[in-house]
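Letters A, B, ... are given to chains in the order of the sequence lines, protein chains preceding strands, and every chain is numbered from 1. What's counted below: heavy atoms across the whole structure, side chains too, no hydrogens, waters or symmetry copies.
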Amino acid sequence: MANFLNYRNIDFKLNGQNFYATQVSLSAQASVSPVVLSDGSLLNYAPEGAVVGSLGCEFYLTGSLPSFLNITGTDENSITANFAGVSITGVYPKSISFSVEPFQPILLSAEFDWYGNVKVEDFKEQSVSSRNSKEVPNYIASAFKSYLKTDTIFQSFSSGPTGPTDNVGNITSFSYNASADRPAFYKIDEVTPFRVGKLNKTCEVSLSSNSLGKLISINGKNASTTIYLKDFYGDALTTFAISGVLNSQSYEVSEGQYLLANASIQQTVTETKTLV
Amino acid sequence: MSYIISGLNIQNISEYDPSQQYLQYDIVDFQLITGRSVYPSYTGLGNTGLAFWFNNDLLEDFQTDSNFLVTGWVNKVQLSGNLYQDDPDITKRPYVDFNENYINVNANQFLTGTGFNLSSQTLFLCFNAAPSAANDDSVNLLQIDKELNFSNSGYLKISGEDKLGSAKIWLDDSSYNARCSIYNTPNIITLVQNPSPSSGPANIKIRQNGFEIGQYNNFYSGWMSGFLSLSGNLNSQGVAYYDLFSFSGALSETEINYYEKYLFEKYFTNGGLYFAKQNVPVSEACSPITYTGQSYWTQDIDDLFSLNYGSNASFSAKLSALNFGDGYKTNISRNINSLNASFNLEYDGLTDKQAKALIAFFENTPEAPVKSLYEGYRGVNINLFSPYKQNAELYFLDINHSTPYNNINKVSIAAESLFESNLNYKGMFVELDEKNIRTYSNTLSNFTYNDVVYFESSDFNKRGYYFYTGTDTTSRISPTNNPTGANSYFTKDFYFKTDIDYNITEKIRVITNELNGSTKQYVKDGINYNVLEFDLAFTKRSNKEALAILKFLDDKAGFKTFNYTLPQPYNKTITVYCPEWNHTYNFYNNNNISVKFIEFKGAAILETDFNTKIDFVS
């Protein structure tokens with residue numbers, strides 16, 4: 001009879017680093033389609049592509065963000081995930097996001113595509129000694145000291161980056177999301193990709209405030225800011241920068257609540273071509 | 001700058017420089033030495049001191065007997081001695097092919113002469129030697145010493161296995177490691193003979209293909225004699241001599257480079273673009289034509305790139321139809337290889353650097369050496385995608401390059417095959433390789449549905465390819481169930497079923513009488529007025545089934561007829577031939593094949609009936 005594996009005994013690592021995850025999900029999808037013959041019989045189900053796996057996790061940031069989670073960077077290399085004692089190579093990060101709400105610890109959510117075979121039948125709990133030997137993290141990113149830099153977030157849309165800035169009120173909450181498409185490329189006769197590229201890299205910051213200055217124009221409103229994630233005691237952990245355009249602005253009030261302005265800043269991350 | 005670079009639509013390609021480091025997929029134009037080449041007799045740089053010069057440029061360079069066997073190789077330097085072969089035994093006279101740029105001296109043939117006395121000289125020899133079959137495995141290139149009894153004086157020879165550390169170049173009894181391949185490829189050996197250098201002993205510096213490989217000190221006096229002989233090879237293939245010339249005195253490095261480059265440009269076919277298949281360190285030893293360099297540089301597309309899914313192949317037969325009326329026809333093949341094959345090769349997910357290398361490779365393909373005096377340039381040797389053959393020769397004709405995002409490129413190359421033959425019983429492109437397709441024997445085991453075997457037989461009707469349609473088994477097949485058995489598990493017929501979504505259109509062949517200003521009248525056009533011509537699709541088929549279908553079609557070569565049972569509601573078995581088909585490899589175990597079948601009126605048997613009614617009227 002198969003054992004039930006307890007949450008607290010399941011190990012989760014990315015590239016050998018411990019990740020203190022509140023949730024991990026692993027799935028695999030095979031794309032197949034039926035082949036029906038002229039006599040009406042079903043021949044088989046033909047594969048349309050490789051088995052593509054998804055890995056999602058939510059974790060507390062306990063140090064600086066590892067470079068392999070820089071979704072909008074140029075690094076396309078795969079990482080290795082260890083889940084329940086099973087190693088998964090060929091894991092490709094594709095998005096990272098988090099929300100900052102007052103007085104809450106900050107939970108980061110990351111999603112990955114993975115390729116290859118995973119021996120799911122070998123899932124097992126980590127040993128007690130292994131669990132006990134893990135280092136207790138000193139820092140956890142918290143909203144208490146983390147903030148979004150607002151003093152120059154919006155430049156005047158008429159005077160450009162050096163012009164006067166719009167006033168921004170008090171930010172009540174904000175969230176960040178960075179994502180990229182990860183197309184896979186295959187050599188003939190192979191079912192795992194030789195390269196997983198990065199396309200359409202975008203960053204987005206959504207924020208709520210009591211005031212966001214003037215209404216956006218047809219070109220949007222240039223915006224640039226930096227998010228500083230710090231632990232409860234103010235020790236800096238990591239930063240996220242965005243420089244894009246605010247292209248949506250909304251206002252909302254409901255019974256018992258203050259009027260809040262919501263906005264979304266989007267950045268398309270590009271790379272200048274290197275001369276070859 | 002080499003003309004090759006200037007002809008490409010790609011920037012940032014330069015001539016190979018051994019003092020530079022290169023990264024994977026870098027491209028260089030290898031021209032031996034950067035700089036100019038100079039004709040040996042060119043005096044524009046001053047008096048060169050050219051002492052003797054032999055090559056094969058002109059008819060006048062040879063003296064021959066009535067059988068065009070060489071009796072003399074004429075020295076291009078006036079008043080300087082020739083090389084002769086006046087032995088009455090004509091088997092010792094070399095044969096010169098005036099369509100080639102070399103003279104071959106083999107077995108016991110020889111050419112000798114005197115009057116080449118040079119105490120100090122710079123000698124250049126360009127040759128191509130086959131390995132020796134003799135016990136001592138050495139190949140003599142030349143000898144400069146009349147004292148033939150003195151076996152180690154004035155000899156230049158090569159020996160050893162053609163690999164780094166084994167291949168040797170000898171001066172007398174001193175050997176030096178060859179840097180480049182010494183057999184079956186042109187080589188340049190330069191000897192700089194200096195009896196009284198400014199410092200050190202008398203020496204002969206030896207270079208191979210521009211690389212100094214050693215110094216022979218205190219050389220034997222025979223090297224300063226005036227006797228020169230090209231001889232002494234027991235190897236029946238002998239040595240092909242392209243060019244041999246010498247200057248009095250020890251030339252400078254710059255001057256030596258001029259003349260080596262002349263020889264390289266004139267005789268070498270392995271120059272041109274090279275592609276780095278891994279990072280290349282700074283080192284002269286890593287030059288593209290050296291043994292070491294072969295680990296770093298390549299001109300083989302399969303060393304750099306692998307095909308991607310989406311690649312496809314198209315076949316069409318070049319046939320001339322001869323219509324006899326009543327729907328009867330025959331097809332006449334226009335030549336002995338009537339099946340034309342073209343391929344669309346997909347390379348996806350390339351970085352900008354890789355795309356640059358592939359596009360440069362494509363643009364450079366017409367610079368390949370000619371196949372022969374009577375043919376065009378050599379095609380690209382490439383390993384095709386399954387189930388097609390490895391090492392096919394294709395001509396790259398068109399390229400399409402698209403880039404959906406930074407540093408992601410897709411390149412599609414349209415290529416055509418000209419030299420594969422549908423007369424080869426092993427197959428034109430889907431080959432009897434004894435791995436995917438096996439020759440049947442009673443000891444053969446492990447059969448799965450759609451397996452293909454070749455059955456050998458002295459009976460023409462029984463010989464050929466059979467397809468296994470029984471249940472999967474790991475055992476051998478009993479004689480009753482073998483391809484020609486009474487209860488065979490094999491078939492030669494087209495048993496594959498098309499997709500459920502098919503469409504077949506028919507057009508009745510009628511004679512139309514247009515009544516002027518009135519109506520039309522249709523009259524049936526003899527018998528067999530509805531000959532079918534239709535397309536069928538076999539989509540998302542496994543690799544195994546695709547191999548079987550493609551082997552069947554490959555074997556029919558676009559013109560051989562076979563029986564086909566039409567799907568519901570026709571259900572009739574007709575005779576067809578397949579002049580065109582197309583295959584796309586979508587993904588592993590997902591292949592699309594589309595075929596065109598044309599009905600052939602007349603059964604696919606040795607004796608058949610033609611029902612045309614012939615009236616004899618007196």
Taking every heavy-atom pair that is under 4.5 Å apart, which of [options] has the most such pairs with chain B?
options: A:Thr272, A:Leu275, A:Leu43; value: A:Leu43
options: A:Ala184, A:Pro47, A:Ala46; value: A:Pro47
options: A:Thr274, A:Leu37, A:Asn44; value: A:Leu37

Residue-level contacts of residues 186-204 of chain A with chain B, using a heavy-atom cutoff under 4.5 Å = A:Tyr186, A:Lys187, A:Ile188, A:Asp189, A:Glu190, A:Val191, A:Phe194, A:Arg195, A:Gly197, A:Lys198, A:Leu199, A:Asn200, A:Lys201
For [Y], is there any backbone N or O sitting under 3.5 Å from a side-chain donor or acceptor partner on [X]?
X: B:Tyr25; Y: B:Ala355; value: no
X: B:Asn543; Y: B:Asn589; value: yes
X: B:Asp499; Y: B:Asp501; value: no
X: B:Thr403; Y: B:Ile408; value: yes
X: B:Asn12; Y: A:Val276; value: yes

Mind ranking B:Lys353, B:Arg541, B:Lys497, B:Gln11 by heavy-atom pairs under 4.5 Å with chain A and telling me who comes out on top?
-> B:Lys497
So which of B:Asp26, B:Leu536, B:Asp348 has the biggest tally of heavy-atom pairs under 4.5 Å with chain A?
-> B:Asp348
Under 4.5 Å heavy-atom distance to chain A, tell me which part of [X] shows up: side chain, backbone, both or neither.
X: B:Glu346; value: neither
X: B:Leu350; value: backbone
X: B:Thr539; value: backbone
X: B:Tyr588; value: both
X: B:Asp352; value: both
X: B:Lys356; value: side chain

Do [X] and [Y] touch side chain to side chain, with heavy atoms closer than 4.5 Å?
X: B:Gln21; Y: B:Asn279; answer: no
X: B:Phe396; Y: B:Leu345; answer: yes
X: B:Thr575; Y: B:Phe562; answer: no

Compute the centroid of each ring, for B:Phe343 and then for B:Phe429, and state whether the two points are separated by less than 6.0 Å.
->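 So the answer is yes for these two rings.
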Nearest atoms (heavy-atom pairs only) where B:Lys596 meets B:Glu533 =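 Between these two residues, the closest heavy atoms are NZ-OE2, 3.5 Å.
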When B:Tyr564 is tested against each of B:Phe552, B:Phe496, B:Phe494 for ring pair (Phe, Tyr, Trp, His ring centres under 6.0 Å), which residue passes?
->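 Of all the options given, the one that passes is B:Phe494.
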Do you know which of B:Phe385, B:Tyr347, B:Phe587 makes ring pair (Phe, Tyr, Trp, His ring centres under 6.0 Å) with B:Tyr309?
->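 Between B:Tyr309 and the candidates, ring pair (Phe, Tyr, Trp, His ring centres under 6.0 Å) is satisfied uniquely by B:Phe587.
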Examine whether an atom of A:Val36 lies under 4.5 Å from a heavy atom of chain B, and if so say whether it belongs to the side chain, the backbone or both; otherwise answer neither.
->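 Its backbone and side chain both get close to chain B.
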